[in-house]
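Data block below; observations after.
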Amino acid sequence: MAWPWLSCLLLPALIVSVAANVAPTFLSNMSAVTLPEDLPVGAEAFWLVAQDQDQDALTYGISGLYAYFFNVIRNTGEVKLANLLDYETLYWFSINISVSDNHNNPVQKEMQVIVEDRNDNAPVFQNTDFSTSINETLPVGSVVFSVLAVDKDTGSAGAVVYSIERVIPSSDGSEYLFSILPNGSIILNGSLSYNNKSAFYQLELKACDSGGLYNNSIIVQCSSPVFVSISVIDQPDLDPQFVREFYSASVAEDAPQGTSVLKVEAMDSDRGINDLVIYSISNSTRPDWFKITSDGVIEVSSTLDREQLLEEDEEVQVQVTATEKNLNIYGQEAKVSIWVTLRVTDVNDHKPEFYNCSLSTCTFTPQEAQVNFTGYVDEHSSTRIPIDDLTMVVYDPDKGSNGTFWLSLEGPDAEAFSVSPERAAGSVEVQVLVKTPSQVDYEQQMVMWVQVVATDSVSKNSSIAMVTIYLRDINDHRPTFPQSLYNLNVSEHSEAGYVVTDSIHAFDPDTGEGGRITYSLLPGNGDDVFAVDPDSGTVTVRNGTLLDREKQAVYYLTLQATDGGNQSSSTTLHIILLDINDNKPVVTGSYNIFVQEEGGNVSVAIQAHDDDQPDTNNSLLHFSLLPSSYSHNFSVDPDKGILTNLGPLDREAIDPTLGGRIVLTVRVSDCGVPALWTDVNVTITVEDINDNLPIFSHPSYSFSVKERDPGVLIGEVEAWDADQTEANNRISFSLSGTGANNFILRGTVLGSGGAKGFLSLPSDTSLDYETQPFFSLTVSAENPDPQAGEATAQVLVTVEDVNDTPPTLDATSLRGIRVAENGSQHGIVAEVVAQDVDTMSQVEVQLVNVICTKAGIDVGSLCHGWFSVLDNGSVLINQSEAIDYETCDLVTLVVRACDITTDPRFQAYSDNGSLPITIEDVNDNAPYFLPEDKTFVIIPELVMPNQQVASVRARDDDSGNNGAILFSIFQVDFVAKDGTVIPFQGFFRISTSVEDSVFTGNIELVTSLDSTLQGTYQVTVKAQDRPSEGPALEAKIMLNLFTVDQSYRVRLQFSISKEDVGANMEEIKAALAQATRTTVYIVNIQDIDSAARARGRSYLDAYFVFSNGSALTLDQLSMMIRNDQDSLTQLLQLGLVVLGSQESQESELPNTLRNVVIGLGVALVLVIVIMTMILVCVQKSYRRKLRAMKAAKEAQKTAVGVMPPVSAIPGTNVYNTERANPMLNLPTKDLGFESQSSSSDLDHISLNSLDDNSVDLANSKQEIKKEALCSLKEQDPEPLSRVLSARKVGPREQKEGLAFDNKGLNTTDL
């Protein structure tokens, strides 16, 4: 019933529809633009596009620090580039764009301009020194040198790629010897060699970027080439080498200690170092037998014994190691080893010894040696009947005649026996034979004793063995031979079956079976070579291949004759082998000789021997040299075999294809019939020495070249070196003399020993006749050997004159000048002086460009008309009054000199010179405040003394002290809400700071404010400059500091602890700010006392302040949160349960009973008042109808969109023309949340259900919508709305959102 009564009161203030002209707005994409840096000046950059609901004509503009980059067509919004962009200098900046419909204030917006990089820069090498030295043993893959090239561009345009264009020298695969990594590191790809390869390399490097867009095409920028010089240093990395490939010698086994046997020789392979070589024996088959001196002589160090080497072919293998004195580069010994063969020759140093064994099984160990033997024999045995069961072997390990010994008998019974054989060599099975059968009588003596004596045939040393002979009592005869010794001859290598003798027969007097004789050869040395016919006794050759006189010249065989009664006798066969010429001479070792040319001599003995019988023609050797291309330079001793050279050797006289190697064939032949021979090759390597200097084809050269002609070939020089090896005949050219650095002399190889040098100018270098008309140079040809000399030739290069020299500007005439602004100076202010060394020059000075800068930033063409330059170089002031320091503080005149008579092929202009003209400032600009889109709010409860409450910013376009600003508080007034103005002094102070020419004044509170005052502090700030002379200029600005008192303090209760609220503070503030569109100021967060706690566990006190200084009350905050369902949901999830004021929540529980009683009383009063109002309204029904008709007439006269001219009221639902104030159109529909106490809804509003502490937002929304629809259907049409809908349509009726209605006011009941 309250609404009809309220309608009666508010009817005179019916709301009419209001319409206003709406300011234009920029499109959403007008926040950033991207431009390439190569965009040409004058090209279209972008368009400014804005929308205006009123369809007004729009005007566009650009302002800000970097606005000089663009020109904007104000009526279309097209923006063109006014000054070139440079990504490397400024890759992004901000400008302010504006649009105006000429009705509202211009709308401004900040736009970010992003400059895109383009490939406009080439890489530049940063190194200053491009030379290095490396060791020849540098490992493959190592970094040789590092270069760095920098490209200012970005992306692929700034990604530098390095390359090696060529390698000098280019032979022997050196072009693949080096590579370069993406980071500029030069890597060694192959091995180096100071001796075998080049000792110097030069690399031509180039750096290119990876390509990028420039002027709408993809290009690759490359740097100028640079040359890296690399010197190779020789290192001790090679092992020494022996001069010969094989060494052998002979030494007698009785040689005393210290006897020299053989000398070996080794050389250091690192010829540039030639380290001392030390020799040692590192291994030997007979340790300690030999030693070696430091100079390589092998000597006997202990007693030698040939007999210990029988299984080793009488040879000792000695490993000789040659070690360089100093360690190699790896910290290891540089060494090489070779095996040397030392043959130990025999001497007679052993006597024959007796052994109890059979010859086939004897090992001749000391355990087998014995001096006591036993045997058995029948009595009266025939002469030469051997003793049975006697196994006696005599062994002498000496060789040849030294191993030959005599056997004899001594002792008490020696006359009755004999020994067989009486002479033997090496080893033999010995038999004791019956000599006097009559003395062998069992009845007289059962045991007999003899001593077998073995006597060396040379040394006469002997050994004795005692033989005990036991006699057997028998009565028989034995076969007998006529002789005890037979001397026989047979030629070596006779065929098998050859008859040695058939005349030796044994006789036995017995007849029958006892007289049948069987012949056999007793086992011994030679029984495998010869055979005997068992019946006839004929001795033949069994195996002719074993008849080798060189292995054994004499055989002693025992021929035994055995009768049928097994009685036997024997005789000795002395068989001598006759020599034949069946062995070729044998040459030992190989012969590779290294000798230097000129001073080196060859003297080498050919080691050879012939195994045929010594001192015969079959073993006599003869040496001869077979004819060959170079055999006439050598001779060989025919008897001794010593090869020598007949004169000095010259490497250059040898065929170059042979590499200095001469192969001679020495024939070693014997004197037998027919003669046999062996050929041996002797390789003599004549080492080249640098004994020839290069020779130029001409003693002098004369060339001519035009000036200003870079990169041309001037001439060629040739030189030859007769040396044969590359190390000695490789020619390198060098150039010396005044101005030699202006030329390049590149050498190429013309075959072995030849080189050609190409004299040219570098591609970036040309000659200047005016500087030097001719060059007298010296070209040198030299070998790599630093000790060798060099050959020189004179080169005269004449420079042909061309009119090519451009004029130059005198640097002293381009010194900066100073000109004051605002018409202070006139006329000529400077003279630019130009010069030209050409005699027929005609020079004039030209103005190329004018650069206008302000504080180092290009400001376009603002100063282009201020100055001019005459042909004679005079600088004039054209527009003295137009010179303005604040527009441009530095004018740079870019000038050049032009020679109009210069040859057309050459540059006629000088380098551009810059004449800086500094504009001196005059204090002609007052300070001005910069616009600030800020609202300053003071909450006395939160603001403390010395705390900043507001700030201002100002600039002064003057410089120095003229542009220095000092802030001060000029006046402070407090305007209360009722309009009362109260002056305040001393409450605020201001401090001044400066950054980037912008001065900032920070306003701070001096003392605490009265929190009960409600209104606005109006603070007037003065900005004043401080000129060094003349009056100061100033500007003022007034700031409004709105106050918010404690009545706007709102308390929010949460179901979580204060710690959780603090942790979620940012999310809570964001949700509250989204729902209210205000700034949230947090005052306090506390836990609620458990005794007073209803639902909440903690509370948060806060202020909600608009930008115009107005704040939200509890009711307004509640409505705004309910209207924003998303924020409400988020706050409920964050634990919000209750909205209320501080006082109501603090007194809620103690006043519950009192509020119930008061509520009942208020309800009774309301019933009475409502009944009274019904009666009054019925009486005044007629008046209301009249007023409604009157309002309808007024509404028909009002055009749509017309806004009342009154000002907006902060915190109300009234709109101003800018629509800047908040619309607090609070709905009257309750959302279904119930109160938590009996106090007023304005004091306490709950946001949760009492049942389950939750809100079903979806159902709640649906219920609200349904109720709203039903209420619309049930209500009668509102009269004022019907009347307004019938009025004429205004010109702006399609503009939506410009008229509003208040559901709380209607005229339905009228």
Worksheet item: If you measure from NZ on K351 to CG on D398, what distance do you get to the nearest 0.5 Å?
Response: 12.5 Å

Worksheet entry | CD/E422: more than 12 non-hydrogen atoms of other groups inside 6.0 Å | no

Discussion item. Has S457 got a side-chain atom pairing as donor or acceptor with T404's backbone, closer than 3.5 angstrom?
Written reply: yes

Discussion item. Test your reading of the model: is there a side-chain donor-acceptor pair from N645 to the backbone of V602, 3.5 Å cut-off?
Written reply: yes

Item to complete: Could you grab the distance from atom CG of L262 to atom CZ of F290, nearest 0.5 Å is fine?
Response: 10.5 Å

Item to complete: Could you tell me whether the side chain of K197 and the main chain of S191 form a donor-acceptor pair under 3.5 Å?
Response: yes

Discussion item. Could you measure the distance from the CE atom of M392 to the OG1 atom of T374? Nearest 0.5 Å is fine.
Written reply: 9.5 Å

Worksheet item: What is the minimum heavy-atom distance between D396 and N402, and which atoms define it?
Response: OD2-O, 3.4 Å

Item to complete: Please report the shortest heavy-atom distance between S669 and W677, naming the atom on each side.
Response: CB-CB, 3.4 Å

Fill in: Any residue meeting side-chain contact (heavy atoms from CB on, under 4.5 Å) with S619, in chain and number order, not counting sequence neighbours
D610, D612, T616

Worksheet item: Going through the checks in order, is the side-chain contact (heavy atoms from CB on, under 4.5 Å) test met by N581 and D670?
Response: CA-CA 9 Å; N581 192 19; D670 57 24; 2.9 Å; yes

Fill in: Nearest-0.5 Å distance, SG of residue C357 to CD of residue E429
8.5 Å

Discussion item. Looking at Y247, I'd like to know if the NZ or CZ of R244 sits under 6.0 Å from its six-membered ring centre while staying within 45 degrees of the ring's axis.
Written reply: yes

Fill in: More than 12 heavy atoms from other groups under 6.0 Å of CE on M267
no

Worksheet entry | Donor-acceptor under 3.5 Å (N328 side chain, L238 main chain) | no

Practice prompt. May I ask you to check whether D579 and N618 show a side-chain donor-acceptor distance below 3.5 Å?
Written response: yes

Worksheet item: Any side-chain heavy atom of V393 sitting closer than 4.5 Å to one from F364?
Response: yes

Practice prompt. Please identify each residue that fulfils side-chain contact (heavy atoms from CB on, under 4.5 Å) with I278, with sequence neighbours left out.
Written response: K325

Worksheet item: Are S491 and L577 side-chain neighbours, meaning at least one heavy-atom pair lies under 4.5 Å?
Response: no

Worksheet entry | Where S631 and L664 come nearest, the two heavy atoms and their spacing | CA-CD2, 3.9 Å

Item to complete: Would you check if V344 and V316 make a side-chain contact, meaning some heavy-atom pair closer than 4.5 Å?
Response: yes

Practice prompt. Give a yes or no on whether the backbone of V686 and the side-chain of R651 come within a donor-acceptor separation of less than 3.5 Å.
Written response: yes

Worksheet item: What do the steps show when you test W406 against R423 for side-chain contact (heavy atoms from CB on, under 4.5 Å), and what is the final call?
Response: CA-CA 4 Å; W406 295 94; R423 184 179 180 183; 3.6 Å; yes

Discussion item. Test your reading of the model: is there a side-chain donor-acceptor pair from D389 to the backbone of Y376, 3.5 Å cut-off?
Written reply: no

Worksheet item: Between H493 (side chain) and L547 (backbone), is there a donor-acceptor pair under 3.5 Å?
Response: yes

Fill in: Heavy-atom check, side chain of Y498 versus side chain of T540, under 4.5 Å
no

Discussion item. Take a 6.0 Å sphere around CG of D288 and say whether it holds more than 12 heavy atoms from other residues, nucleotides or ligands.
Written reply: no

Worksheet item: If every non-hydrogen atom of I338 is compared with every non-hydrogen atom of F246, which pair is closest and at what distance?
Response: CD1-N, 4.3 Å

Practice prompt. Indicate, with yes or no, if the rings of H574 and Y556 have centres closer together than 6.0 Å.
Written response: yes

Fill in: Shortest non-hydrogen contact from D239 toward S269
O-OG, 2.7 Å

Discussion item. As a quick check of understanding, evaluate side chain to side chain donor-acceptor pair (under 3.5 Å) for D679 and T665, giving each step before the final call.
Written reply: CA-CA 6 Å; D679 294 338; T665 302; over 6 Å; no

Worksheet item: How far apart are the C-alpha atoms of D275 and N326, what are their side-chain angles, what is the distance that settles it, and do they pass the side chain to side chain donor-acceptor pair (under 3.5 Å) test?
Response: CA-CA 7 Å; D275 197 4; N326 299 307; 3.2 Å; yes

Worksheet item: Checking side-chain contact (heavy atoms from CB on, under 4.5 Å) for the pair V636/I642: CA distance, chi angles, key distance, verdict?
Response: CA-CA 5 Å; V636 61; I642 298 177; over 6 Å; no

Worksheet item: Under 3.5 Å, side chain of T259 to main-chain N/O of P256, donor-acceptor pair present?
Response: yes

Worksheet item: Does D637 have any side-chain hydrogen bond (donor to acceptor under 3.5 Å, both in side chains) partners at least two apart in sequence or in another chain, and if so, which?
Response: none

Response to the item:
When rounded to the nearest 0.5 Å, the distance separating CD of Q241 from CZ of F594 is 9.0 Å

Fill in: side-chain contact (heavy atoms from CB on, under 4.5 Å) evaluation trace for L546 with D528
CA-CA 8 Å; L546 298 179; D528 56 342; 3.9 Å; yes

Worksheet item: Is atom CD of E495 surrounded by more than 12 heavy atoms (other residues, nucleotides or ligands) closer than 6.0 Å?
Response: no

Worksheet entry | Side chain T558, main chain T572, donor-acceptor under 3.5 Å | no

Worksheet item: So do the side chains of I606 and V668 get within less than 4.5 Å of each other, counting heavy atoms only?
Response: yes

Item to complete: State, to 0.1 Å, how close S282 and S337 come at their nearest heavy-atom pair, and which atoms those are.
Response: OG-OG, 4.2 Å

Fill in: Spacing of L573 atom CG and T501 atom OG1 [to the nearest 0.5 Å]
8.0 Å

Worksheet item: Going by heavy atoms in the side chains, are V320 and I292 under 4.5 Å from each other?
Response: yes

Fill in: Test item: Q317 and W339 side chains (from C-beta on) under 4.5 Å apart, heavy atoms
yes

Discussion item. Counting only heavy atoms not in E245 (residues, nucleotides, ligands), do more than 12 fall under 6.0 Å from its CD?
Written reply: no

Worksheet item: So do I298 and K263 actually touch side chain to side chain, heavy atoms under 4.5 Å?
Response: no

Worksheet item: Step by step, would you call T137 with N135 a side chain to side chain donor-acceptor pair (under 3.5 Å)?
Response: CA-CA 5 Å; T137 56; N135 294 330; 5.1 Å; no

Discussion item. For S570, is there any backbone N or O sitting under 3.5 Å from a side-chain donor or acceptor partner on R384?
Written reply: yes

